[in-house]
Asker: 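One structure follows; several queries about it will come next.
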Amino acid sequence: MKKHFQLNVGALALDNVQTLHAGGVTLTLPMSAREAIRQSHAVVAAAAAGDAPVYGVNTGFGKLANQRIGAADLDTLQLNLIRSHSVGVGEPLAPAVVRLMLALKAASLARGYSGVREAVVDTLLAVYNAGLIPCVPSQGSVGASGDLAPLSHMTLALLGEGEMLEDGRKVPAADALAKAGIAPLRLAAKEGLALINGTQTSTALALHALLSFEPVLESALVIGALTVDAARGSDGPFDPRIHAVRGQPGQIDVARYYRALLAGSEIRHSHEENDDRVQDPYCLRCQPQVVGACLDQLRHAALVLLREANAVTDNPLVFGDTQQMISGGNFHAEPVALACDAMAVAIAEVGAIAERRIAMLIDTGVSRLPPFLTSDAGLNSGFMIAHVTAASLASENKSMAHPASVDSLPTSANQEDHVSMATFAARRLQPMIANTAHILGIELLAAAQGIEFLRPLKSSMALEEAHGLLRAQCKSIERDRYLAPEIERATLLVRNGALSKVFRALTAVETGAALPALWIAV
């Protein structure tokens with residue numbers, strides 16, 4: 001039986017967003033939200049009954065805002081808006097993204113600044129609660145004037161005119177609604193505009209990426225520490241005093257993670273004396289500085305995206321206390337676009353330094369391990385070409401990390417002359433996460449192989465657990481064999497949370513206290 005979840009209108013926390021993203025709950029609205037919805041709708045109803053032109057109520061849209069619409073056509077105006085704006089192309093958005101779109105749109109409208117009826121919010125909640133997934137093409141939004149095309153497809157399904165997804169198949173929305181016992185929504189004044197103005201698609205995509213990347217980043221920390229031990233690297237660069245004098249929070253936390261991951265390693269103690277190396281390569285000793293900086297960017301992005309998840313972003317906005325409707329531009333998704341660009345760079349950098357660690361491990365002159373991590377190099381190529389794959393993925397990420405927000409093409413006959421490109425900025429994060437996860441999967445295989453050349457010495461308990469998780473899926477590579485399936489299995493450990501459990505079970509050896517959370521509660 002589904003758990004009930006009251007939508008914390010305007011006060012969603014990150015764990016609430018994770019719940020909405022995962023689904024499997026029944027959403028309800030607090031009564032206070034219903035009263036706010038009624039008050040704002042009364043303002044719109046009065047405007048619709050009046051003679052004064054009001055954008056979105058009795059005028060055309062965009063460049064056609066000067067065209068007055070008669071009272072008899074106001075409902076048709078909203079229906080035509082949704083039909084004409086449902087022009088998306090490309091593969092459908094993932095069900096988790098669409099679930100989040102439905103929930104975030106309901107939460108935004110329920111704040112009482114959009115002028116819609118309760119029936120609109122109730123339909124959004126009913127579709128979410130029934131587990132229905134509107135079919136929303138992934139391409140077609142420029143992230144300004146709202147995510148117009150994707151939100152229109154979502155809305156069209158609510159009207160019974162679009163399509164829903166059932167087990168990956170497209171079915172008529174009218175049939176899916178009828179099967180669930182949900183009456184198709186009929187739009188009144190301003191309601192179509194309120195539903196499609198807003199940043200809920202780009203925000204949902206960005207939050208989807210943030211949540212998807214969390215286990216990958218946690219895995220990166222575990223794998224990076226495993227590589228330190230495989231290369232018999234020093235833990236001196238993780239000394240807390242180094243990071244305290246710089247004062248960057250992410251760097252301080254990442255160094256603390258590595259100290260905990262490496263604590264008790266026999267390998268580390270084996271080369272505390274008589275090791276002629278003075279300093280490790282950057283890819284080992286600068287991990288707190290690089291990954292810590294990425295963590296700071298991701299934490300900032302989480303704050304921005306959570307604000308946006310709680311925001312009202314349609315237009316015009318309705319203020320019931322003064323009985324006013326005011327046109328503005330909250331639908332412009334620049335905050336989301338900039339956050340996504342920062343996320344893209346961080347995701348790329350986590351993969352880039354991991355690729356460098358793989359290159360270091362296979363280079364016997366630096367790692368002091370057998371060439372290409374094989375004991376019979378020449379007859380066997382070992383990890384030579386697995387590293388080439390990692391390099392190709394890191395290079396792809398470099399191209400995709402180019403900021404999307406700096407691009408803008410005017411639309412709507414130059415009325416909407418600067419756009420954010422936030423939806424693409426967010427959508428391109430998923431292939432980047434997949435690339436980084438694969439790089440880390442290759443590094444996991446390489447680091448585990450490196451550790452085995454140092455036997456009978458053992459690494460720390462945490463890292464030996466990570467090693468064991470891999471070996472339960474992929475055997476040691478004694479001679480060349482078909483590696484692609486093993487890269488996939490290793491990558492699954494990176495993405496499915498298996499290595500995250502190793503990370504989260506750690507305690508800081510200095511204080512005995514739990515390590516700081518990756519995403520700070522926001």
Side-chain angles (χ1 to χ4, degrees), residues 214-272 275 277 279-296 298-299 346 349-358 360-361 367 436 439-440 443-444 446-448 450-451 454 457-467 494 499-520:
E214 184 175 18
V216 176
L217 183 55
E218 290 173 338
S219 298
L221 296 163
V222 174
I223 296 166
L226 192 66
T227 296
V228 170
D229 247 8
R232 286 167 288 186
S234 172
D235 59 0
F238 310 131
D239 188 300
R241 293 168 293 183
I242 294 174
H243 309 287
V245 297
R246 193 177 201 184
Q248 296 290 354
Q251 177 179 326
I252 290 168
D253 284 351
V254 169
R256 189 176 173 189
Y257 298 148
Y258 279 115
R259 291 196 303 273
L261 283 160
L262 290 160
S265 167
E266 291 178 4
I267 296 172
R268 171 69 194 104
H269 294 311
S270 73
H271 60 93
E272 288 178 335
D275 190 330
R277 293 173 296 177
Q279 292 190 124
D280 292 326
Y282 287 1
C283 66
L284 295 182
R285 64 182 159 110
C286 293
Q287 289 186 80
Q289 288 80 3
V290 175
V291 181
C294 294
L295 180 56
D296 281 334
L298 291 162
R299 285 172 170 173
E349 282 293 87
V350 170
I353 195 169
E355 181 274 328
R356 289 290 82 204
R357 293 194 298 264
I358 300 167
M360 179 273 303
L361 285 172
S367 69
T436 294
I439 295 169
L440 289 165
E443 185 190 358
L444 176 58
I451 289 286
L454 307 180
L457 295 173
K458 290 187 176 181
S459 187
S460 67
M461 288 182 62
L463 296 180
E464 287 294 339
E465 183 182 349
H467 181 276
V494 170
L499 291 178
S500 291
K501 291 178 182 177
V502 174
F503 173 83
R504 296 183 185 191
L506 290 171
T507 56
V509 293
E510 309 99 307
T511 63
L515 287 171
L518 194 67
W519 300 153
I520 295 171

Asker: Any idea which heavy atoms bring Ser500 and Glu218 closest together, and the distance?
Answerer: OG-OE1, 2.8 Å

Asker: Going from CG on Leu295 to CZ on Arg299, what distance comes out if it is rounded to the nearest 0.5 angstrom?
Answerer: 4.0 Å

Asker: If you round to the nearest 0.5 Å, how far is CZ of Phe238 from CZ of Arg256?
Answerer: 15.5 Å

Asker: Kindly determine whether Leu298 and Trp519 satisfy side chain to side chain contact (heavy atoms under 4.5 Å, CB included), including the steps that lead there.
Answerer: CA-CA 8 Å; Leu298 291 162; Trp519 300 153; 3.6 Å; yes

Asker: Any side-chain heavy-atom pair from Ile267 and Arg232 closer than 4.5 angstrom?
Answerer: yes

Asker: Roughly how far, to the nearest 0.5 Å, is CD1 of Ile223 from CG of Leu463?
Answerer: 10.5 Å

Asker: Decide yes or no on side chain to side chain contact (heavy atoms under 4.5 Å, CB included) for Ile439 and Val350, but give the supporting numbers first.
Answerer: CA-CA 9 Å; Ile439 295 169; Val350 170; over 6 Å; no

Asker: Considering non-hydrogen atoms only, spot the tightest contact between Leu361 and Ala230 and give its length.
Answerer: CD2-CB, 4.0 Å

Asker: Treating Gln251 as the side-chain partner and Pro288 as the backbone partner, does any N or O pair qualify as donor plus acceptor under 3.5 Å?
Answerer: no

Asker: Mark yes or no for whether His243, through its side chain, and Gly250, through its backbone, hold a donor-acceptor pair below 3.5 Å.
Answerer: no

Asker: Could you grab the distance from atom CG of Asp229 to atom NZ of Lys458, nearest 0.5 Å is fine?
Answerer: 13.5 Å

Asker: About how many Å separate CG of Leu226 and CG of Leu499, when rounded to the nearest 0.5 Å?
Answerer: 9.5 Å

Asker: Distance from Arg357 atom CZ to Leu440 atom CG, nearest 0.5 Å?
Answerer: 7.0 Å

Asker: Using only atom types and a distance under 3.5 Å, with no angle test, would you say the side chain of Ser460 pairs donor to acceptor with the backbone of Leu261?
Answerer: yes

Asker: Start with the C-alpha distance between Arg268 and Leu262, add both sets of side-chain angles, then the distance that settles side chain to side chain contact (heavy atoms under 4.5 Å, CB included), and finish with yes or no.
Answerer: CA-CA 8 Å; Arg268 171 69 194 104; Leu262 290 160; 6.0 Å; no

Asker: If you define the side chain from C-beta out and look only at heavy atoms, does anything of His467 sit under 4.5 Å from Ser459?
Answerer: no

Asker: Quick check: closest heavy atoms across Ala447 and Thr227, and the distance to 0.1 Å?
Answerer: CB-OG1, 3.5 Å

Asker: Is a side-chain donor or acceptor of Arg356 paired with a backbone partner of Leu284 at a separation under 3.5 angstrom?
Answerer: no

Asker: Looking only at heavy atoms, what is the nearest atom pair of Gln289 and Ile242, with distance?
Answerer: NE2-CG2, 4.5 Å

Asker: Spell out, as yes or no, whether a donor-acceptor pair under 3.5 Å connects the side chain of Asp280 to the backbone of Arg285.
Answerer: no

Asker: Should the pair Phe503 and Tyr257 be assigned to parallel (<30°), tilted (30 to 60°) or perpendicular (>60°) ring geometry?
Answerer: perpendicular

